[in-house]
Amino acid sequence: MSTGVEWRVLRHERTKRSAAMNMGIDEAILNSVSEGRSPPTLRFYMWAPTAVSIGYFQGLELEVDLDECRKRGLDVVRRITGGGAVYHDTNLELTYSVVVKESSALLPKDILGSYKAVCAGIIKGMEKMGLKAEFRPLNDLVVNGRKISGNAQTRRQGCILQHGTMLMGVDVDPMFSVLKVPDEKLRGKMVEGVKASVTSLKQEIGELPDPTVLADAVEGGMTSTLPGKFVHGAISKEEEADAGRIARERYLSQAWTRKR
Amino acid sequence: MALKVQGACDRKVPGGKMIRVRLEFEIGEPDKLISVKVYGDFFMHPESLIEDIETVLLESGLDIERTRSRLDSLFKRPDVSVFGAGPEDFIATFETAVADARNRSIKG
């Protein structure tokens with residue numbers, strides 16, 4: 001769809017970053033879009049090392065085995081978005097973020113509608129990869145009823161920030177070595193439950209996709225479902241510096257990570 | 001010295017999200033809530049609403065009718081939207097956590 005609006009596309013999927021920096025960049029983009037320094041932005045990225053992120057409202061110690069994360073050298077970060085704990089495997093997950101001004105009309109104002117609109121682009125992208133994904137309210141995408149993408153949104157400073165995962169592959173056992181389950185007696189059952197209720201591109205199409213091929217497909221999907229023109233760009237010097245500061249001051253601080 | 005007891009409840013809202021309440025109160029005449037924390041994988045805008053919910057629970061928690069009316073008005077604020085749980089879900093999880101604490105105090 002073409003209107004006068006030009007989106008910036010940041011293709012960071014080949015330069016994997018730490019959890020603090022990834023979250024710092026998303027927030028720095030939110031700041032610059034909010035202040036009119038940057039256009040609406042679609043970003044693709046990956047994580048190194050493997051990381052666990054928890055939702056804004058979650059209790060750190062209730063969700064994450066911190067000793068196990070340390071042993072395995074994983075990053076642990078609290079997001080500014082709600083939702084659940086996510087295991088971001090360094091090789092098996094592609095992440096995206098979308099930042100727009102609420103007033104831009106690029107996404108519907110209502111929360112459910114805006115999730116749907118962003119997810120429509122991902123669904124289109126998955127279609128290009130040979131998958132039929134569906135939106136499952138509020139914030140998941142499923143293939144044959146099994147989750148392949150989780151999404152989370154916050155609204156602040158007059159902007160919508162939505163980020164989400166796309167599972168290229170799944171490795172459930174290491175995931176459950178660091179994520180706590182509410183009832184240890186049910187651990188086995190829960191692991192089996194997750195194995196049955198989660199899928200990945202690899203499981204569905206038989207091979208692990210190249211993240212750049214997947215990012216191309218989803219970028220194409222967004223281009224055909226969202227208004228405006230999508231143009232590859234770069235993060236500004238200002239945003240990069242802001243991201244580093246936010247990473248240090250917020251995402252690497254114990255006060256933030258242990259906030260709840 | 002007053003006896004302190006802790007209570008916990010995790011509740012998955014049917015078709016929604018997980019709410020987890022952790023609280024502590026002092027056994028006495030009457031019992032007195034000392035702390036209440038609410039966690040979960042729900043979505044709330046604005047995010048500061050979670051602290052408002054905790055304050056309501058702490059201030060009026062053992063008086064459930066008061067809690068209910070204050071939470072209802074919080075959730076009805078025009079700037080507030082919550083997905084994956086409603087006021088009744090927070091109250092039910094909280095009440096079960098209180099019952100859990102009382103149960104432990106009897107056993108303890």
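Residue numbers start from 1 in every chain, and the chains themselves are labelled A, B, ... in the order their sequence lines are given, proteins ahead of strands. Computed over heavy atoms, backbone and side chain alike; hydrogens, waters and symmetry mates excluded.
- Contact residues of residues 154-173 of chain A toward chain B are A:Thr154, A:Arg155, A:Arg156 (heavy-atom distance under 4.5 Å).
- Here the closest heavy-atom approach between residue A:Ile111 and residue B:Ser81 is recorded as CD1-OG, 3.3 Å.
- A:Ile54 does not touch chain B: none of its heavy atoms, backbone or side chain, sits under 4.5 Å away.
- One finds the CD atom of A:Gln153 at 8.5 Å from the CZ atom of B:Phe43 (value rounded to the nearest 0.5 Å).
- By a heavy-atom distance cut of under 4.5 Å, A:Leu138, A:Asn139 are the residues of residues 137-147 of chain A near chain B, going up by number.
- Interface with chain A: from residues 8-34 of chain B, residues B:Asp10, B:Lys17, B:Met18, B:Arg20, B:Arg22 qualify, criterion being any non-hydrogen pair under 4.5 Å.
- Both the backbone and the side chain of A:Ala152 come within contact range of chain B, judged by heavy atoms closer than 4.5 Å.
- In this structure, the separation between CZ on A:Phe57 and NZ on B:Lys37 is 12.0 Å, given to the nearest 0.5 Å.
- Closest of all the heavy-atom pairs between B:Glu47 and A:Tyr56 is CB-CE2, 3.5 Å.
- Residue pairs meeting the ring-ring contact (aromatic ring centres under 6.0 Å, His included) criterion with at least one member in residues 51-86 of chain B, sequence neighbours excluded, are B:Phe75-B:Phe90.
- Between chain B and the residues A:Gly84, A:Gly83, A:Ala85, A:Gly59, the largest count of heavy-atom pairs under 4.5 Å involves A:Gly83.
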